[in-house]
Amino acid sequence: MPDTNEAAASESSEAIALEAILNAQHPEKEAVALWARQNLSDPALLERDEGCEFWREGWNRCAEQGIQGSVISADFGGRELDLITAMLRFEGLGVGCEDAGLVFGLSAQIWTMQATLEKFGTGEQKGRWLPALASGAAIGAFAITEHEAGSDAFSIKTEATKVDGGYVLNGTKAFVTLAPVCDVIVVFTTTNPEVGRWGITGFLVDINTPGISVGPNRPKMGLRTTPFADVTFENCEVPQSARIGGEGSGAAIFSSAMESERAFLLAGSVGQLERHIAQTIQYANDRVQFGQPIGTFQSVSHEIADMKFAHETARLMLYKAAALQQRGEPSMMAAALAKLSASEAALAGAMSSIRVHGARGYVSEHGVERGLRDTVGGVIYGGSSGIQKNIIARLLGLPS
Ligand SMILES: Cc1cc2nc3c(=O)[nH]c(=O)nc-3n(C[C@H](O)[C@H](O)[C@H](O)COP(=O)(O)OP(=O)(O)OC[C@H]3O[C@@H](n4cnc5c(N)ncnc54)[C@H](O)[C@@H]3O)c2cc1C
C-alpha cells in the first residue's frame, strides 16, 4: 500500500491533471502566456530569424521568471514544480512567445540536459551547475548524435579511454542544440566499443575544458534563433568526477532522458499551435473573398477544425504523459504518443495556417511561414516520427 504522503501526492497530481484537461484557459498557462507577450515580444525577431541570432536577453528574462528553474529542486535554486504545472507553463510560453527557437532552446536544456543532471548527477555536479542553469548564468547542452549515429544512437563512436584519475575523450558530436552558446555539456561516449549499448557512458563537461572545440552555428530551416553546432573532443582529459552514473550505464541514462524529452519537449509547440489557431480564425473572419469572409467556406472552416482536433488530442496526450511521470509510473507508450502527436499536429497545423492565409501566409513579413519552418524539426529531433512509431509498435507486441 502507498504511504499517506505518496497517496496524497498522487491524488494531488491527479487533481492538477484533471484541472489542466478541463480548463483550456488554465491560470498557470494564461499567466505565462501574458508574461511572455509582455516581455518576450522582440521587434527584431524577423531579422534575428534571418541572421540565425540567439537572444541572450530573452533567455535571461526567462530565467528571472523562473522558467529554467521550473522543475529544479529548491535546494539548487529551482521552483520544484510538479510536471503538469511545468507543462502548462511551457504551453503558455509557446502561446505568448513568437520566438519558437528560444522556446525550443529552453525546452531542450530543461528536458534533456537538466533532467539528466538532476536525476543522475552527483551532489557536486548538481551543486556546481544547477543553480547557474536555473539563474540563466549558464547554458547547458546535451550531445549524443554523431554524423554516423542518428536514430541508431547507441552506435556512437566518441570514445572515453580510461587513464589515471580520469578519461580522455575523442570524437565529434553533431547538431548539438545551444552548443555555440553553452557553458556545460552532457556528452555520451563509449568506454567499451566491443559491447555496444552496454559500453555507453555519460559525462558532464565544462565546455571550456582544453581539447573541446565547438564548430560554427549551422544555419537551418527553422528554429534559427537557437544555434546548433558540431562539438569535437580531441584528447580532452576529464576527471573521473565528470562521469555521470557508472561506466556502461549511459544507455539507461540516455533512455530516461529520452522519455522525459519525448513527453515534454513539444509542450511549447502545442502552445504555438494554439496561437496559430487563434491567428488563423481571426484571418478567416477578416479576409473577404466573393463578398463573404473566407471562414464561411467549408474548406476553410474544416481546415481550422482539423487544427483544433489535432491540438486537443496532442494536449491531452501531453498531460497524460506528464501525469504518469509525476506518479513515477511507466510512460514509454504515453511519451512516444505525446511526441508523435504534438510534433505532427504542430507541423500539419502550421501548414493549414499557410493554406488559409494564402499568399500572406507564404511571404516572410507576417511570420506565418516561419511558423511552418519552426515546426519541421519537431518530427526529427528527440527521435523521428518513424522512431516513435517503432516504439509504439514494439510496445504493442509487434516484432521490432
Ligand atoms: C532541430 C534539431 C535539434 C537537434 N538537437 C540535438 C541535440 O541537442 N543533441 C543531439 O545529440 N542531437 C540533436 N539533434 C539530432 C537528432 O537527434 C537527430 O537528427 C535524430 O536522432 C535523427 O537522426 P538523423 O538526423 O541522423 O536521421 P537518421 O537516423 O539518418 O534517419 C533518417 C530517416 O530514416 C528513418 N529511420 C532511421 N532508422 C529507422 C528505423 N529503425 N525505423 C524507421 N525509420 C528509421 C528516420 O525516421 C528518418 O526519417 C537535433 C536535430 C534537429 C533537427
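Heavy atoms only: backbone and side chains are in, while hydrogens, waters and symmetry mates are out. Numbering of ligands and ligand atoms starts at 1, following listing order.
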Among protein heavy atoms, which sits nearest to [atom], and what does the distance come to when rounded to 0.1 Å?
atom: atom 40 (C) of ligand 1; answer: N390 ND2, 3.4 Å
atom: atom 24 (P) of ligand 1; answer: G150 CA, 4.0 Å
atom: atom 16 (C) of ligand 1; answer: T145 OG1, 3.8 Å
atom: atom 50 (C) of ligand 1; answer: F175 O, 3.8 Å

Is any N or O atom of [X], backbone or side chain, closer than 3.5 Å to an N or O atom of ligand 1?
X: S151; answer: yes
X: L223; answer: no
X: Y381; answer: no
X: F142; answer: yes

In terms of side-chain heavy atoms, does [X] have a donor or acceptor partner in [Y] at a distance below 3.5 Å?
X: S73; Y: E118; result: yes
X: Q325; Y: S331; result: yes
X: E148; Y: S155; result: no

Test applied, side-chain contact (heavy atoms from CB on, under 4.5 Å); reference residue, T226; option that passes from D99, V181, T177: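 The single option meeting the side-chain contact (heavy atoms from CB on, under 4.5 Å) with T226 is T177.
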
Ignoring hydrogens, tell whether any protein atom lies closer than 4.0 Å to [atom]; use the non-hydrogen atoms only.
atom: atom 7 (C) of ligand 1; value: yes
atom: atom 3 (C) of ligand 1; value: yes
atom: atom 52 (C) of ligand 1; value: yes
atom: atom 44 (N) of ligand 1; value: no
atom: atom 31 (O) of ligand 1; value: yes

Distance check, rounded to the nearest 0.5 Å: [X] atom [atom1] versus [Y] atom [atom2]?
X: I354; Y: E303; atom1: CD1; atom2: CD; result: 11.0 Å
X: E57; Y: D42; atom1: CD; atom2: CG; result: 9.5 Å
X: E124; Y: L204; atom1: CD; atom2: CG; result: 10.0 Å

Side chain to side chain donor-acceptor pair (under 3.5 Å) contacts in which one or both residues fall within residues 201-220, not counting sequence neighbours: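 For residues 201-220: R128-D206, T191-T201, R218-D230.
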
Distance filter under 4.0 Å to A143 heavy atoms, resulting ligand 1 atoms: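 Checking each atom against A143, I get 11 (O).
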
For atom 19 (O) of ligand 1, the option (of V231, T177, I380, I387) bearing the nearest heavy atom: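 Selected option, by shortest heavy-atom distance: I380.
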
Minimum non-hydrogen distance to atom 47 (O) of ligand 1, winning option of S384, G386, G222: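 Checking each option, the heavy atom nearest atom 47 (O) of ligand 1 is found in S384.
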
Parallel, tilted or perpendicular: ring planes of Y381 versus F104, cut at 30 and 60 degrees: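 Rings of Y381 and F104: tilted, 30 to 60°.
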
Ring pair (Phe, Tyr, Trp, His ring centres under 6.0 Å) partners of F254, counting only residues at least two apart: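 Ring pair (Phe, Tyr, Trp, His ring centres under 6.0 Å) list for F254, sorted by chain: F154, F188.
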
Verdict with supporting geometry, K173 and F233, side chain to side chain contact (heavy atoms under 4.5 Å, CB included): CA-CA 8 Å; K173 295 292 170 186; F233 298 81; 4.1 Å; yes

Ligand 1 versus F228: contacting region, heavy-atom distance under 4.0 Å: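 Contact part for F228 vs ligand 1: side chain (C-beta onward).
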
